[in-house]
Amino acid sequence: MVKQELTFSSPVLSLAAKANYNLSASELVEIAVAQGEGILTDSGALLVTTGKYTGRSPNDKFVVDAASVHDQIAWSSNKAFDEGKFERLYQRMMGYIQNKEVFVFDGFAGADENNRLAVRFINEFAWQNLFVHQLFVRPDNPAHVGQPDFQVVCLPGFKADPEVDGTNSEVFIVLNFEKRLVLIGGTHYAGEMKKSIFSVMNYILPQRGILSMHCSANVGKQGDAALFFGLSGTGKTTLSADPDRRLIGDDEHGWSDKGIFNIEGGCYAKCIKLSHETEPQIWEAIRFGAVLENVVLKPGTRTPDYDSEAITENTRAAYPVDYIPNALIPGVSGHPKTVVFLTADAFGVLPPVAKLSKEQAMFHFLSGYTSKLAGTERGVTEPEATFSACFGAPFLPLSPLVYAKLLGEKLEQHNTNVFLINTGWSGGPYGIGKRMSLPYTRAIVSAAIEGKLDNVPFELDPIFNVYVPTECPGVPAEVLKPRNTWADKEAYDRKAHELAALFIKNFNKFGENMPDEVVAAGPKA
């Protein structure tokens with residue numbers, strides 16, 4: 001990406017009454033508490049609330065339609081924003097910032113020094129500056145960051161006027177790749193900053209031949225790295241947290257010619273139902289310097305009630321990756337030996353584990369399947385198939401096929417094994433069958449990563465067109481074939497064909513540009 005002269009940095013900071021540059025975590029916590037932005041919990045974490053927006057606002061995210069990027073952006077899945085509207089919105093934000101105090105963080109996106117992005121965040125609130133300080137790669141000396149490659153101006157107190165600004169609501173997240181600038185306003189949810197830079201990296205890295213990925217990653221003692229893809233509820237965080245393996249990162253990574261690297265310098269973990277027993281590493285990472293979003297305190301105490309959904313189910317904890325004892329610092333490793341696609345199939349028909357060819361891996365990567373459960377949303381009475389291209393559709397500026405082709409090339413080049421692992425239901429659909437045993441799933445993940453499935457016999461599933469092992473250490477053989485776990489075999493067949501048809505219907509949206517061999521690698525109607 002050609003580096004252009006920054007035209008927006010000086011006006012923002014020159015108009016502010018005071019600009020606080022690269023304060024320490026302690027200083028930012030002190031200011032946030034003094035200004036009433038948050039309070040300290042009994043573990044020392046800073047607890048904040050984000051108001052009515054407790055999650056991302058995908059309908060309020062835009063990409064500026066500039067001539068230099070128009071032919072690259074996948075406009076079918078990205079909302080266009082006019083250049084003139086962007087300029088007017090920016091000027092209105094500059095009017096808002098006058099005489100206000102702001103906080104500046106200079107750091108990096110990317111642990112790989114050869115493929116990192118220098119990023120500058122300009123924040124209205126100290127707690128949000130602490131958030132990005134902990135979530136991105138912190139330099140030893142901020143002065144060494146140099147000229148930023150990209151800037152994010154985040155002013156939650158500034159609300160857009162849809163009639164004036166051309167937005168959908170008071171909230172806006174506008175990415176301008178030509179100006180190398182992101183504008184965020186109207187929402188206090190800090191995750192918008194994290195995901196806006198991920199979207200930027202999803203634009204820049206593939207143009208360098210680097211696959212950007214929405215996944216967690218860890219590495220074993222022999223340097224055997226593994227990637228874990230999966231949508232919410234599939235077990236990505238739980239299964240990638242392994243005391244015998246070092247954590248590279250929990251959410252965003254790049255895969256270059258040298259290997260994989262963490263895009264971030266921190267973790268942003270969901271903490272609903274969090275307990276020390278089930279996730280001790282995350283529990284112990286929530287200490288001084290960490291930011292808790294929308295967690296309720298137990299009455300009369302400063303103790304978090306992680307079981308409460310009183311504000312939102314999407315409660316979050318943000319902390320530096322080095323708060324995890326076995327984290328790999330810097331988050332750089334060799335090429336992955338194993339890739340795991342996690343899905344929670346509530347139809348109860350996908351096998352608990354299947355080995356995928358390169359073409360099958362590309363198909364399931366593009367599909368990004370899991371199930372939305374009955375009862376999780378109003379009106380959902382039966383399990384619903386949910387598809388998110390590349391396991392991160394909201395953050396992909398380019399065509400999903402760009403990322404899938406890069407994945408296929410790297411899998412082939414590095415002889416990487418790919419497994420589809422179902423953490424969902426067995427013996428019947430949701431409401432009849434049971435959730436896959438966690439010990440069985442852990443045994444499957446261990447077997448896949450440790451190469452214990454490399455030499456076992458496999459059989460082709462005739463409906464889902466994937467290769468299923470006939471044996472796996474620690475897992476009963478009958479569990480490996482989901483049809484065997486159903487009392488009503490005909491009911492299984494009907495439900496399996498139903499899900500296969502949904503896969504095919506979803507895949508048809510990619511159009512005629514999809515390689516024939518990838519289309520043929522999917523389920524059979």
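Side chains are part of it too, since the values below use all heavy atoms of this structure and drop only hydrogens, waters and symmetry mates.
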Would you check if there is a donor-acceptor pair between the side chains of [Y] and [X] at a distance under 3.5 Å?
X: Asn218; Y: Asp242; value: no
X: Lys61; Y: Ser199; value: yes
X: Glu192; Y: Tyr53; value: no
X: Gln281; Y: Asn326; value: yes
X: Ser68; Y: Glu178; value: yes
X: Ser216; Y: Asp250; value: no

Residue list, side chain to side chain contact (heavy atoms under 4.5 Å, CB included) with [X], at least two apart or on another chain:
X: Asp257; value: Lys410
X: Pro58; value: Arg56
X: Phe288; value: Ser26, Val29
X: Asp60; value: Ser57, Asn168, Ser169, Val171, Ile173

Ionic contact status for [Y] with [X], cut-off 4.0 Å:
X: Asp149; Y: Arg116; answer: no
X: Glu409; Y: Lys358; answer: no
X: Asp461; Y: Lys481; answer: no

- With His253 via ring pair (Phe, Tyr, Trp, His ring centres under 6.0 Å) - residues at least two apart: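 Result, ring pair (Phe, Tyr, Trp, His ring centres under 6.0 Å) vs His253: none returned.
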- Message: If the condition is ring pair (Phe, Tyr, Trp, His ring centres under 6.0 Å), which residues does Phe103 pass it with, not counting sequence neighbours?
- Response: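 Ring pair (Phe, Tyr, Trp, His ring centres under 6.0 Å) check on Phe103 returns nothing, list empty.
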Test the [X]-[Y] pair against the cation-pi criterion, namely NZ or CZ under 6.0 angstrom from the six-membered ring centroid and within 45° of the ring axis.
X: Arg287; Y: Tyr323; value: yes
X: Lys195; Y: Phe395; value: yes
X: Arg316; Y: Tyr268; value: yes

- Task: Please say whether more than 12 non-hydrogen atoms of neighbouring residues, nucleotides or ligands are located less than 6.0 Å from NZ in Lys270.
- Result: yes
- Is the number of heavy atoms from other residues, nucleotides or ligands within 6.0 Å of CG (Asp516) greater than 12?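 Count not over threshold, so no.
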- Is there a side chain to side chain donor-acceptor pair (under 3.5 Å) between Tyr203 and Gln72 once you walk through the steps? CA-CA 9 Å; Tyr203 174 78; Gln72 297 168 304; 2.7 Å; yes
Report the relative orientation of the aromatic rings in [X] and [Y]; use parallel for angles under 30°, tilted for 30 to 60°, perpendicular for over 60°.
X: Tyr369; Y: Phe387; answer: tilted
X: Phe363; Y: Phe503; answer: tilted
X: Phe391; Y: Phe365; answer: tilted
X: His335; Y: Trp255; answer: tilted

- Begin from the C-alpha positions of Thr54 and Asn294 and carry the test side chain to side chain donor-acceptor pair (under 3.5 Å) through to its verdict. CA-CA 7 Å; Thr54 59; Asn294 300 314; 5.2 Å; no
- Which atom names give the shortest non-hydrogen contact between Val479 and Pro352, and what distance separates them?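 Distance-wise, the nearest heavy atoms are O-CG, 3.4 Å.
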